[in-house]
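Within every chain, numbering begins at 1; the chains are lettered A, B, ... in the order of the sequence lines, protein sequences first and strands thereafter.
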Amino acid sequence: MFSSFMTNTWIAASMVAVIAGVVGFFAVVRGSSFAAHAVPQGAFAGAAGASLIGANTLLGLGVFAVAGALGIGWLSRRGRQDVATALALVVLLGVGALFLSMSVEYAPELYSLLFGEVLGVSSSQLLPLGLLGVACLLAVGLCYRPLLLSSVLGDVAEARGVHSLRMEMCFLLIVAMATTMTVPVVGAFLTFSLMVAPAAAARLLTARPGRAVGLAVLIALLTVWAAVSASYVTQWPVGFFVGALGVVTYGLARGWAAVRLNGQLRRRPRLAAVTAAPVS
Amino acid sequence: MSHFLAPVFEAGFFESPAVHVALILGAVVAIVSGPVGVFTVIRGQSFAGHTFADVATTGGSGAFLLGVNPIWGFVVMGLAATSAMEMIGVQRPRGRDVATGIVLGGVLGLAALFLYLDTTNSSTTGASITVLFGSIFVIDHRTALIAALCGLLVLALVLPCYRMLLLSSLNADMAASRGVPVRLVGFCYLAATSLAVALSAITIGAILSTALLIGPAATALRLTKRPVTAMITAVAIAVAATWLGIVLAYDSFYWPPVGRGWPVSFFVVVLILAFYLLSGLRRRRQRPAPGLA
């Protein structure tokens, strides 16, 4: 599992988890899980197109991820965001279906792109992945505060001169960058699960944004490491373990949050007595 | 007349039994997706609507693994996912997308496993593509019959609670105060959606069934504010897009690269997007001058 040909995978998986944790936090806070799902799944069509014309998969993923992000942003300027996201997604997938119908040999490669491939990372891919990751972190760092403010209190952000549309665009482009990194390792289907599940669990465990980002990264790292090891041992797809672990961690966090709330109520007997007392 | 139509309908279009089944089934899907889609768009649950398409992928691949008709896989998984979303809390607008997302993540993980086992057991890597992208031209009559029955069941679920559903979609608090069981209605709606999506998933493929659910309904709601008119418009748009898509896909057999044919789903999606964008143009023209607003 720790032999030399797995080194690339461990490095790539760790980078991917850090980015997914950070970006996922904003996806959950903004209520944009759908966009976090649509951009990776749509980007898959780009990978299909790249394999059709013989270009680099990463390039195809990147182009379609950005196109998807811009499409969602453009369509949701007028009209509901979830409708815009759904339409952008289906158009990208329609184009993907067209690419697939034209290419001859695709099934195994397509499958690993959809559901992740432990051995899919070559050393030549590590550098672009790392650069993308750094760019992604820089982008998040640059617009951390306005992005957070517009995510939590949209009206206040507007009043303080933060353009909500521009922030939405920034966020979508960050998701597109994260997608391009994550899809080759985790697969187009489960990229979003790695973003949403750890971040949603982290938000249940703490209310502070900084701490939640750290926790989300930690949970994402643990998820990816466990998923890669399990996939190496069982030969089952990485995506399955990422998805299953996401559900498990979210369930545990829900349970922990419920237990803690219960304890808080018990520690304040006066409050409990007031709420329980019948109105006279 | 037939002389004029010859360039539009390639030879053998009206004789082919596959085309007959495709046209009829496409219409059934469109008719069912219209009303359900209008509620999906009004309630802002496009994500849930799309989730059921991916749920159908899991159900389809699971059924493939067990060797039963895929439609049973779609239905069972759809109902299971509906219940899971309801338990996590899809009924609250805040946190709704997280509830949907967690369920979707788990479901897609299962899909990954099922498809992996499918490919290792039967050594046909094409299984995943068949389930994901589907084709309206290669559907068997038995499946078509079950699909049509499913469609009627969906309409039977939605139509009796039409007024309750509409009120609780537009204003849940008011609906609750008037004695509407908002949660139960919401669950019924989700179950209906999961069936509608399962139905369309076997005709234009699991992923692209989202297009027929959301696109025509969103277009119709841009054109009119009346719910019933919107539903009828949505059905008309969906039928038009599906039929035109089938005609184009049939014709595309003679387009480059020759002999392969372009996928139906591509044409349907492009047509739906075109309708949506055109409806936006119409609304922009209707908007009053900035000074009046």
Side-chain angles (χ1 to χ4, degrees), chain A residues 27-28 31-34 36-38 41 75 78-87 89-91 93-98 100-102 106-108 110-111 114-116 187 189-190 192-197 199-200 203 235-248 250-251 254, chain B residues 41 44-47 49-51 54 88 94-98 100-113 115-117 119-120 125-126 128-129 132-133 205 207-208 210-211 213-215 217-218 221-222 257 260-263 265-270 272-273 276-277 280 283-284:
Chain A
V28 170
S32 300
S33 303
F34 194 14
H37 167 70
Q41 213 180 23
L75 281 173
R78 291 179 299 114
R80 310 175 72 127
Q81 200 195 358
D82 63 328
V83 168
T85 312
L87 282 174
L89 170 63
V90 295
V91 169
L93 286 175
V95 175
L98 181 64
L100 286 179
S101 79
M102 286 181 170
Y106 52 83
L110 161 82
Y111 177 78
L114 280 176
F115 295 112
F189 271 173
L190 275 310
F192 114 98
S193 183
L194 188 63
M195 288 189 195
V196 171
R203 277 203 80 203
Q235 306 284 315
W236 291 2
V238 192
F240 166 65
F241 294 105
V242 170
L245 286 171
V247 173
V248 169
Y250 182 76
R254 272 292 277 264
Chain B
V41 174
Q45 292 206 349
S46 305
F47 191 21
H50 168 72
T51 296
D54 286 336
I88 296 182
R94 248 192 115 69
R96 174 182 282 171
D97 73 313
V98 168
T100 314
I102 298 289
V103 171
L104 179 57
V107 161
L108 285 177
L110 273 183
L113 184 63
L115 286 174
Y116 170 77
L117 294 176
T119 50
T120 46
T125 40
S128 55
I129 289 100
L132 287 178
F133 290 99
I207 294 174
L208 296 175
T210 310
L213 187 73
I214 309 296
L221 283 170
R222 278 177 147 194
R260 299 285 270 300
W262 296 26
S265 38
F266 170 73
F267 291 113
V268 174
V269 160
V270 167
I272 283 175
L273 180 74
Y276 182 76
L277 293 178
R283 205 174 61 161
R284 194 186 291 172

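Contact count against chain B (heavy-atom pairs under 4.5 Å) is highest for A:S33 among A:S33, A:A36, A:S193. In terms of heavy-atom pairs under 4.5 angstrom with chain A, the leader among B:V103, B:V270, B:I102 is B:I102.
Using a 4.5 Å cut-off between heavy atoms, B:L104 contacts chain A through both its backbone and its side chain. Both the backbone and the side chain of A:V95 come within less than 4.5 Å of a heavy atom of chain B. With a 4.5 Å cut-off on non-hydrogen atoms, A:Q81 does not touch chain B at all. Contact of A:L98 with chain B is made through backbone and side chain together, with heavy-atom distances under 4.5 Å.
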Worksheet entry | Step-by-step side-chain contact (heavy atoms from CB on, under 4.5 Å) determination, B:V98 to A:R203 | CA-CA 11 Å; B:V98 168; A:R203 277 203 80 203; over 6 Å; no
| message | Go through it in stages, so that I can follow the logic: the residues are B:I88 and A:R254, the test is side-chain contact (heavy atoms from CB on, under 4.5 Å), and I'd like the CA-CA distance, side-chain angles, deciding distance and then a yes or no. | response | CA-CA 9 Å; B:I88 296 182; A:R254 272 292 277 264; 3.6 Å; yes
Step-by-step side-chain contact (heavy atoms from CB on, under 4.5 Å) determination, A:L87 to B:I272: CA-CA 9 Å; A:L87 282 174; B:I272 283 175; 4.2 Å; yes
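From B:I214, atom CD1 reaches atom OG1 of A:T85 across 10.5 Å, with rounding to the nearest 0.5 Å. To the nearest 0.5 Å, the span separating OG1 on B:T100 from NE2 on A:H37 amounts to 11.0 Å. To the nearest 0.5 angstrom, B:L108 atom CG is 7.0 Å from A:Q41 atom CD.
The two residues A:D82 and B:S46 have their closest heavy-atom pair at OD2-OG, 2.9 Å. Contact detail for A:V83 and B:V41: the closest heavy-atom pair is CG2-CG1, 3.8 Å.
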